[in-house]
Amino acid sequence: MGRFITEWKKSHGAGELRIENAGQTAVLMGWVDAVRNHGGTIFIDLRDRFGVAQVVFDGASLGEADMEVAGGLRQEYVVAVRGTVRKRAGKPNPKLATGEVEVVTTELELFNKSLPMPFQVADEVDAREETRLKYRFLDLRRPPLRKAMILRSEAARLAREYFASQGFVEFDTPILTKSTPEGARDYLVPSRVNPGTFFALPQSPQLFKQLLQVSGYERYYQICRCFRDEDLRSDRQPEFTQIDLEMSFVDPDDVMTVADGMIASMFAGLRNVEVPLPIPRITYDQAMARFGVDNPDVRFGMELIDLTDLAKTSGFQVFSSVAGEGGVVTGMVASGGAAFSRKEVDALTEFVKTYGAGGLAWTKRADGKFTGPLAKFVDEALEKALLGDAGMKDGDLALFVADRDASVARTAAGRLRGHLGNKLSLVNPDKFGFIWVTDFPMFERDEETGKLVAMHHPFTSPNSEDLDLLSTDPLKVKTRAYDIVINGQEVGGGSIRIHDRKVQSLVFEALGIGEEEAGRKFGFLLEALSYGAPPHGGLAFGFDRLVSILVGTDSIRDVIAFPKTTRAACLMTEAPSQVDTEQLAELGIGLIEK
RNA sequence: GGGGUGGUAGUUAAGCUGGUUAUAACGCCGGCCUGUCACGCCGGAGGCCGCGGGUUCGAGUCCCGUCCACCCCGCCA
């Protein structure tokens, strides 16, 4: 006993044994995946990182004492076995990659026992996510998570190889940095040495990567952690990983081309999918008109139909009033949607209402006739639009949203399009839809304050032909910004930055940020721009989202080893937690009751 | 901040309109079994029905509050 590890090293991955290994002596180490005890003969499935293999214990090969130990094995005990690989004495198991062979044991060691498991280590989860997160270290034993983690590691490796091949320099930028009140809420870290002051964890290395361009490195990249203290979703974590890059002397096409190459390398290497390059590009305005959203799922059609002009003369009051007041009427023809029950259509109405739409106007086409609430308002022009341009046929359903606020109408219709794409199974799950969305507006109006705010960030370069609009009609200003969208998910975004101190001042002016305030918040960047800043721009990929698309899962929690809940807590470590009053006192921090 | 869904043995679920002792499967414990592979068979243990109030003769079930998880809106430059 005790010769395992010191003398007999692990010789094979359990999941890697094949018929070619028959006759070899093997030392396997791993976890007991299943026990099948037949009294005289005991089988276990031994699992390690590579998969499972059947191990046999019987009195003919194994001593009496070891047989006793074998009989006591339970799920998730950690064992080492030494024995001979052989063609199975019984029937092969076609369900297993190792199904033709088994290991007949001559030595056995029990390294460790396990308490009964909170849930089974199996492909299919039947445990609630709450339980899985509490025992994340056990959940990570499950093959789907193991595969996701290994794929994630491979994706990072491919990214590093790609950027190295393109002449990029990898940097580490600070985790303890300066709070920037623009944008998302910061996670704050108190400074003990400087009482009353705080670091912030970075929302992104944005300013640092721009400074590295001023420093002359020309091509920077980093795979880095970013932090945002905002409310969470299935595709948002308080800390997340970004593939961040920045380049000098480039225009948008240069950055998108480099990004295209990285995406192509990952999809080829990890999914064996050839991405046709270049990835198509559409402008923000086109995306909003055709899809209603700036992150369109281009795996299916069903593009939006704008009825605003027709609606002006419509007998339908809602349409004509909205169209007359500068609003938008838009919608789509859902092929086969006439089969929806009244209840289903009502649910669609509720769906668009969550996006602020007042309701849903709809009509079905059956037996050459229109039915439904909108039917009696289908005049000649609308009929032509539906049957002609939109190609509506018997069995189809046309749905429209009208709103005085164009973005509400478009967003509601766009989200409905995505919802119906899934409901009507228009999306082939094995297909990927790649698209760039470019020329985003520089500003949008904040609903609450009525002030202009930067849509991307205030360092985004306006299109050169729009510079004059900065002072005259800022909402019309478009930027040299671009987002990459895969399967309707924004997986990356970036822009060419402002490298001209004067242009930067114009932007701050439009945002209502005075020189004094700008200096206080971004002084070091503005100063840097004054010392020979090259034209530059870059991009950041949401690495977790990208990996979740490559893995084929809906939740980024499935590709993060130790994720947090939607209340930004870790159920395993029970972070965040209270701290001692001494610790707070040392930092000069007192708590107030809320 | 707002809306929705869920929380019942270790785990996943069932428990209809309130009514005897709260079911089942897997897991766990004991026994049998030399070819199974989610082994099988026999027997057994295991429950503050998330938590706190209320209504009622009686609450897992109805009402109010609260906590936790998930999904969505707002938010996330």
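Throughout, a chain's letter reflects where its sequence line sits, starting with A, and its residues are numbered from 1.
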Short side-chain N/O contact to [N] OP1/OP2 from [X], under 4.0 Å:
X        : N      : answer
A/Arg36  : B/rU36 : no
A/Arg128 : B/rU8  : yes
A/Thr566 : B/rA69 : no
A/Thr131 : B/rU12 : yes
A/Arg74  : B/rC29 : yes
A/Ser234 : B/rC72 : yes
A/Thr41  : B/rG35 : no
A/Lys134 : B/rC68 : no

Please check: side-chain N/O of A/Arg545 versus main-chain N/O of A/Glu490, any donor-acceptor pairing under 3.5 Å?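 Between the backbone of A/Glu490 and the side chain of A/Arg545 there is a qualifying donor-acceptor contact (under 3.5 Å).
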[X] [atom1] - [N] [atom2] separation (whole Å):
X        : N      : atom1 : atom2 : result
A/Glu130 : B/rG7  : CD    : C1'   : 7 Å
A/Asn422 : B/rC72 : CG    : C1'   : 15 Å
A/Asp544 : B/rC76 : CG    : C1'   : 15 Å
A/Met455 : B/rC76 : CE    : C1'   : 13 Å
A/Asp446 : B/rC75 : CG    : C1'   : 11 Å
A/Asp231 : B/rG1  : CG    : P     : 8 Å
A/Asp186 : B/rC76 : CG    : C1'   : 12 Å
A/Arg567 : B/rC70 : CZ    : P     : 10 Å

When we call it a touch if two heavy atoms are under 4.0 Å apart, what does [X] touch: a base, just sugar-phosphate, or nothing?
X        : result
A/Leu571 : sugar-phosphate
A/Tyr355 : sugar-phosphate
A/Ala454 : sugar-phosphate
A/Arg497 : nothing
A/Gln54  : base
A/Lys95  : sugar-phosphate
A/Asn37  : base

What's the separation between atom CZ in A/Arg136 and atom CD in A/Glu129, rounded to the nearest 0.5 Å?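 Atom-to-atom, A/Arg136:CZ and A/Glu129:CD are 7.5 Å apart.
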Between B/rU11 and A/Phe119, is there a base-stacking contact, meaning the centre of the base's six-membered ring lies under 5.5 Å from the residue's ring centre while the planes stay under 30° apart?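 A/Phe119 vs B/rU11: stacking no.
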Taking N and O atoms by type only, does the side chain of [X] place a donor or acceptor under 3.5 Å from a partner on the base of [N]?
X        : N      : value
A/Arg228 : B/rC76 : no
A/Arg236 : B/rC75 : yes
A/Gln120 : B/rU11 : no
A/Asp58  : B/rG35 : no

5' precedence on RNA chain B between A/Pro116 and A/Val35 (nearest-nucleotide basis):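 On the 5' side of the pair lies A/Pro116.
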Pair [X] + [Y], salt bridge at N-O below 4.0 Å:
X        : Y        : result
A/Arg228 : A/Glu239 : no
A/Glu100 : A/Arg88  : no
A/Glu76  : A/Arg47  : yes

Any side-chain hydrogen bond (donor to acceptor under 3.5 Å, both in side chains) involving residues 35-46 of chain A? Give me the pairs, sequence neighbours left out, ordered by first then second residue.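 Counting only pairs at least two positions apart or across chains, the side-chain hydrogen bond (donor to acceptor under 3.5 Å, both in side chains) contacts touching residues 35-46 of chain A are A/Arg36-A/Asp45, A/Arg36-A/Gln54.
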Identify the nucleotide, in any strand shown, that forms a Watson-Crick or G-U wobble pair with [N], with both distances under 3.5 Å; if there is none, say none.
N      : result
B/rG40 : B/rC32
B/rG65 : B/rC51
B/rC70 : B/rG4
B/rA9  : none

Considering only side-chain heavy atoms of [X], which listed nucleotide, [options], is closest?
X        : options                : value
A/Pro118 : B/rG35, B/rA69, B/rG10 : B/rG10
A/Arg233 : B/rC72, B/rC70, B/rG35 : B/rC72
A/Arg88  : B/rC28, B/rC37, B/rC75 : B/rC37
A/His38  : B/rA69, B/rC76, B/rC39 : B/rC39
A/Asn93  : B/rU11, B/rC37, B/rC76 : B/rC37
A/Glu102 : B/rC75, B/rU36, B/rC39 : B/rU36
A/Arg557 : B/rG74, B/rC70, B/rG27 : B/rC70
A/Ala184 : B/rC76, B/rC37, B/rC70 : B/rC76

Measuring centre to centre across the rings, with the benzene-like ring taken for any Trp, is A/Phe459 within less than 6.0 Å of A/Phe522?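 For A/Phe459 and A/Phe522, the ring centres are under 6.0 Å apart.
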Do A/Lys521's NZ or CZ and the ring of A/Phe508 fall within the cation-pi criteria of under 6.0 Å and 45°?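 No, cation not above the ring by the 6.0 Å, 45° rule.
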Any non-hydrogen side-chain atom of A/Phe291 less than 4.5 Å from a side-chain atom of A/Val485?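 Of all side-chain heavy-atom pairs linking A/Val485 with A/Phe291, none is under 4.5 Å.
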Between B/rA22 and B/rG50, how far apart are the two P atoms, rounded to whole Å?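 Per the computed distance, 15 Å lies between those P atoms.
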Could you give the distance separating B/rG7 and B/rA13 at their P atoms, to the nearest angstrom?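 To the nearest whole Å, 8 Å.
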